[in-house]
Asker: 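Got a structure here, written out as structure tokens. Questions coming.
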Amino acid sequence: FFFFVGLHPFSLSKMRELLDINIFMDPEPSLRQRWKVMRDQKERGHSEEQVLAQLEKRAPDVKAHIEPQRDYADWVVRYHQEEGSVLSVSHILSNDINLEWLVEKLEKVATVESAWQLASDLKKQQLSFQGGLHRETIILWAFDQFPNLFELLENEDIEWHSDSMGLAQLIFLSFLNERRKNKEVLR
């Protein structure tokens, strides 16, 4: 696998053509601000005021150069959190990825609140998630849905996660599986 991570991964059309899966991380603004303040205080020794001033200064650039890249994403991961509540995540994905199997499994888990819907233009789908999923459940679902898992990942040393990170792993596997099938058809 080749991962290209940065602020401008989808700015150039040539770059977008090279990537099999375009993922755009899109936490709600207040959450993004809180995470940035925490990171810059811890890793860079900045004060909260310095970080907030930097965010305000860069806001026009974010609006002009970062946010438009969302339109080129196959998968938008949007984190949100109400004051005092648990973290929720919405996955907005291209509609060519089969998530029906995952939606059916999530509906049967008592510790999970999830919702799935198609966009009005039928080009995107959204899967919202909040709650707890055990790591063991993620692993079981992965091997059940993808019997060729090790071949798909070309790796047997997988660090499995629980909850929203584990769900993201399952969605990523769905992308890989669909993209692999599409490449085989093109051969």
Asker: Check whether Leu55 and Met25 end up in the same hydrophobic cluster, where Ile, Leu, Val, Met, Phe, Trp and Tyr are linked by side-chain heavy atoms less than 4.5 Å apart.
Answerer: no

Asker: Are the side chains of Leu106 and Trp141 in touch, meaning some heavy atoms are under 4.5 Å apart?
Answerer: yes

Asker: How long is the straight-line distance from CG of Asn95 back to CG of Asp121, given to the nearest 0.5 Å?
Answerer: 9.0 Å

Asker: So which atom in Tyr79 and which in Ser164 form the shortest heavy-atom distance, rounded to 0.1 Å?
Answerer: CE2-OG, 4.4 Å

Asker: Which heavy atom of Ala73 sits nearest a heavy atom of Lys124, and at what distance?
Answerer: O-NZ, 2.8 Å

Asker: Any non-hydrogen side-chain atom of Thr111 less than 4.5 Å from a side-chain atom of Leu133?
Answerer: no

Asker: Ignoring hydrogens and geometry, is there a side-chain-to-backbone donor-acceptor pair from Asp163 to Met165 under 3.5 Å?
Answerer: no

Asker: Looking only at heavy atoms, what is the nearest atom pair of His161 and Gln169, with distance?
Answerer: N-OE1, 2.8 Å

Asker: Which heavy atom in Ile92 sits nearest to a heavy atom in Gln126, and how many Å separate them?
Answerer: CG1-OE1, 3.9 Å

Asker: Are Val62 and Leu52 connected in the hydrophobic side-chain network, where two residues link if heavy atoms are under 4.5 Å apart?
Answerer: no

Asker: Distance-only, no hydrogens or angles: does the Asp74 side chain make a donor-acceptor pair with backbone N or O of Asn22 under 3.5 Å?
Answerer: yes

Asker: Any non-hydrogen side-chain atom of Leu173 less than 4.5 Å from a side-chain atom of Asn177?
Answerer: no

Asker: Enumerate, atom names and distances included, each donor-acceptor pair closer than 3.5 Å involving a side-chain atom of residues 142-149, sequence neighbours excluded.
Answerer:
from	atom 1	to	atom 2	distance (Å)
Asp144	OD2	Lys105	NZ	3.2

Asker: Is atom CZ of Arg34 surrounded by more than 12 heavy atoms (other residues, nucleotides or ligands) closer than 6.0 Å?
Answerer: yes

Asker: For the pair Asp26 (side chain) and Arg78 (backbone), establish whether a donor and an acceptor sit closer than 3.5 Å, ignoring hydrogens and angles.
Answerer: no

Asker: Treat each ILVMFWY residue as a node, draw an edge where side-chain heavy atoms are under 4.5 Å apart, and state whether Ile171 and Val103 are in one component.
Answerer: yes

Asker: Tell me, do Val112 and Glu107 make a side-chain contact under 4.5 Å, heavy atoms counted?
Answerer: no

Asker: Show me the donor-acceptor pairs within less than 3.5 Å that the side chains of residues 3-19 make with the rest of the protein, sequence neighbours left out.
Answerer:
from	atom 1	to	atom 2	distance (Å)
Arg16	NH1	Phe10	O	2.5

Asker: Would you give me the side-chain donor-acceptor pairs under 3.5 Å for residues 36-44, sequence neighbours excluded?
Answerer:
from	atom 1	to	atom 2	distance (Å)
Lys36	NZ	Asp40	OD2	2.6
Lys36	NZ	Gln54	OE1	3.3
Asp40	OD1	Arg44	NH1	3.1

Asker: Taking the side chain as C-beta and beyond, is there a heavy-atom pair between Leu31 and Leu87 under 4.5 Å?
Answerer: yes

Asker: Taking the side chain as C-beta and beyond, is there a heavy-atom pair between Trp75 and His91 under 4.5 Å?
Answerer: yes

Asker: Side chains of Ser174 and Leu99: closer than 4.5 Å at any heavy-atom pair?
Answerer: yes

Asker: When rounded to the nearest 0.5 angstrom, what is the spacing between OG in Ser162 and NE2 in His134?
Answerer: 9.0 Å

Asker: Salt bridge or not for Asp96 and Arg179, using N-O below 4.0 Å?
Answerer: yes

Asker: Measuring only between side-chain heavy atoms, which start at C-beta, is Gln125 closer than 4.5 Å to Glu100?
Answerer: no

Asker: Treating Ile, Leu, Val, Met, Phe, Trp and Tyr as nodes and any side-chain heavy-atom pair under 4.5 angstrom as an edge, say whether Ile97 and Leu118 lie in one connected cluster.
Answerer: yes

Asker: Mind checking the OG-CH2 spacing from Ser30 to Trp35? Nearest 0.5 Å is all I need.
Answerer: 10.0 Å

Asker: Examine distances only and state if a side-chain atom of Gln69 and a backbone atom of His65 form a donor-acceptor pair shorter than 3.5 Å.
Answerer: yes

Asker: Return the minimal non-hydrogen interatomic distance between His46 and Gln50, and the atom names on each side.
Answerer: CA-OE1, 3.1 Å

